[in-house]
Protein chains: 2
Amino acid sequence: MARPESISKSDLLQRLTAVFRSVGYEGASLAALSRETGLAKAALYHRFPGGKEDMARCVLAEVGRDMRGLVFSGLDGEGSPRRKLAVMRDGLALFYADGERSCLADLFSVEGTPATIRTPLAGGLKAWIAAVARVVEEAGIDPAEAARRSEDMVVRVQGALVVSRALGDTRPFRNVLARLVDDLLALP
Amino acid sequence: MARPESISKSDLLQRLTAVFRSVGYEGASLAALSRETGLAKAALYHRFPGGKEDMARCVLAEVGRDMRGLVFSGLDGEGSPRRKLAVMRDGLALFYADGERSCLADLFSVEGTPATIRTPLAGGLKAWIAAVARVVEEAGIDPAEAARRSEDMVVRVQGALVVSRALGDTRPFRNVLARLVDDLLALP
DNA sequence: GTCTATAGCCCGATAGAC
DNA sequence: GTCTATCGGGCTATAGAC
């Protein structure tokens, strides 16, 4: 039985994620993590014995699961490549709240973040690029070109999030999403 | 007369820049800024009475000047659009050390950085996009499409820096630069 | 203009009561 | 499992000697 008076593990992770996602690893103070979750610091240490690094690792794993659910999951099923990539695009819009959110791949890759967090992050990015490349190949694009386009797509999404944040305007992100499928599947 | 025993203003700003560029605004502690410049904290306060925020503002202004020198300067002169954009591309390779360096537009746009720094940053990004769009228009591309391509170029450069940093591999950055001019000037 | 020394605060992390 | 209280240390910033 779940104990309703206590915050659920999933809710807790979601709130921790929000903090790390807006201020990064070093910027996320235990005071802020405590405030945003409603748990005292000691309670956070009870749930995450490894402290802040432990929290960030769990957040990254949870975000990875969300990403797989919203973004990857459609890539493996049946359906045309165009349809699968369109599902991914819509998942990205949700995942990044239409460009309002930053990506942990950006915030967690800066110096000062522990390597135990940066390493799985790189793996996740590579997995994403590879999964998209497989779908692009299905559409008849040769493997080298498919890999190039997939990397370019991820580059554009990351860049659009940075530019949107820096300008305080989500149009760059929405512009990239609008062309994402066509750019991946364009004729050679 | 310059006093040779004291670090020059330009050298000082360059060393401060290196710190902010690798760890961001909040991550740049006065201890690190002091260590990397060889000046005691009190001496830094003598030169930058506004403290860390003052240093970051001066660093941003200096980086803006470097950017204008290396990246913008070629855009206004004579020469074909293709040649001018190629000069910009080579300037970018230098400016970002072939993808090894991060961009302040990324690091300084995260929450926690004072607005006095984030605001001029957004202006600089917009100016860059506009300057490139003018050259693309010179090549006969219509203004709306030129604006779109220029924004997309900046998006790609920013994204390539993020992905290169996250993967620990500068290939994404070099790939973007290799196609930058052709993508801007492609036939409609 | 640069230094050493330190104020005052917030940091990550822990002790121990309940 | 959560709390309050606190530790030692690093933080930004300043005082004051030279």
Side-chain angles (χ1 to χ4, degrees), chain A residues 1-60 107-108 110-118, chain B residues 1-17 19-20 22-60 107-108 110-118:
Chain A
M1 277 301 259
R3 304 192 316 171
E5 73 270 15
S6 192
I7 186 174
S8 76
K9 178 117 189 176
S10 144
D11 250 32
L12 177 56
L13 271 175
Q14 212 172 315
R15 287 165 193 253
L16 293 176
T17 302
V19 179
F20 282 114
R21 223 172 170 162
S22 63
V23 298
Y25 183 82
E26 288 194 310
S29 69
L30 286 191
L33 294 165
S34 169
R35 181 174 7 95
E36 297 300 317
T37 56
L39 285 180
K41 286 189 255 181
L44 287 174
Y45 273 90
H46 177 76
R47 303 216 186 185
F48 302 94
K52 190 162 105 164
E53 184 175 339
D54 199 358
M55 297 180 217
R57 230 179 306 114
C58 291
V59 157
L60 189 59
L107 294 170
F108 277 1
V110 305
E111 232 174 90
T113 308
T116 51
I117 292 164
R118 292 167 73 175
Chain B
M1 279 300 263
R3 304 194 317 171
E5 74 269 17
S6 191
I7 187 174
S8 77
K9 178 118 190 177
S10 146
D11 250 32
L12 177 55
L13 272 175
Q14 211 172 315
R15 286 165 195 252
L16 293 175
T17 301
V19 179
F20 282 113
S22 63
V23 297
Y25 182 82
E26 289 194 309
S29 69
L30 287 191
L33 295 165
S34 169
R35 182 174 8 95
E36 296 300 317
T37 57
L39 285 180
K41 287 188 249 181
L44 286 175
Y45 272 89
H46 178 77
R47 304 215 186 186
F48 302 94
K52 191 163 104 165
E53 184 175 339
D54 199 358
M55 296 180 219
R57 230 178 305 116
C58 291
V59 157
L60 189 58
L107 295 170
F108 277 1
V110 306
E111 232 175 270
T113 309
T116 51
I117 292 164
R118 292 166 73 174

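- Between the CG atom of A:Leu44 and the C1' atom of D:dC3 there is a distance of 12 Å, given to the nearest Å.
- Distance, B:Arg35 CZ to D:dT12 P: 12 Å, rounded to whole Å.
- Here the side chain of A:Thr17 pairs a donor or acceptor atom with the backbone of A:Leu13 at under 3.5 angstrom.
- Inter-residue side-chain proximity for B:Ile7 and B:Arg47 is flagged as met; some heavy-atom pair is nearer than 4.5 Å.
- If you take CZ of A:Arg47 and P of D:dC3, they are 10 Å apart, rounded to a whole angstrom.
- Nucleic acid contact class of B:Gly50 (heavy atoms, under 4.0 Å, all strands): none.
- The distance from atom OH of A:Tyr25 to atom P of C:dC11 is 14 Å, rounded to the nearest whole Å.
- Aromatic ring orientation, B:Phe20 versus B:Phe108: perpendicular (interplanar angle above 60°, classes split at 30° and 60°).
- Comparing C:dA15, D:dT12, C:dT4 against the side chain of B:Lys52 picks out D:dT12 as the nearest.
- Across all strands shown, A:Gly27 has no heavy atoms under 4.0 Å from either base or sugar-phosphate atoms.
- We find that CD of A:Glu53 is positioned 16 Å from C1' of C:dC11, with the value rounded to whole Å.
- Distances were taken from every side-chain heavy atom of A:Ala43 (C-beta onward) to each of C:dG12, C:dT4, D:dC3; the shortest belongs to D:dC3.
- The residue A:Ala32 sits apart from the nucleic acid: no heavy atom pair falls under 4.0 Å.
- Rounded to whole angstrom, the span from the CG atom of B:Leu30 across to the C1' atom of C:dA5 amounts to 16 Å.
- In terms of position on DNA chain C, the residue among A:Pro49 and A:Ala31 whose nearest nucleotide sits closer to the 5' end is A:Ala31.
- Rounding to the nearest 0.5 Å gives a distance of 11.5 Å between NZ of B:Lys41 and NZ of B:Lys52.
- At C:dT14, none of the side-chain N or O atoms of A:Tyr45 fall inside 4.0 Å of OP1 or OP2 (strictly under the cut-off).
- Each of C:dT4, D:dT12, C:dG12 was ranked by its minimum atom distance to the side chain of B:Ala42; first place goes to C:dT4.
- Counting to the nearest Å, the C1' atom of C:dA15 and the NE2 atom of A:His46 are 15 Å from each other.
- Residues A:Leu107 and A:Thr113 form no side-chain contact, since every pair of their non-hydrogen atoms from C-beta on lies 4.5 Å or further apart.
- Residue A:Lys41 places no side-chain N or O under 4.0 Å from the OP1 or OP2 atom of C:dA13.
- The distance from atom CZ of B:Phe48 to atom P of C:dG1 is 13 Å, rounded to the nearest whole Å.
- Counting only heavy atoms from C-beta on, B:Ser29 has its side chain closest to D:dC11 among D:dC11, C:dT2, C:dG12.
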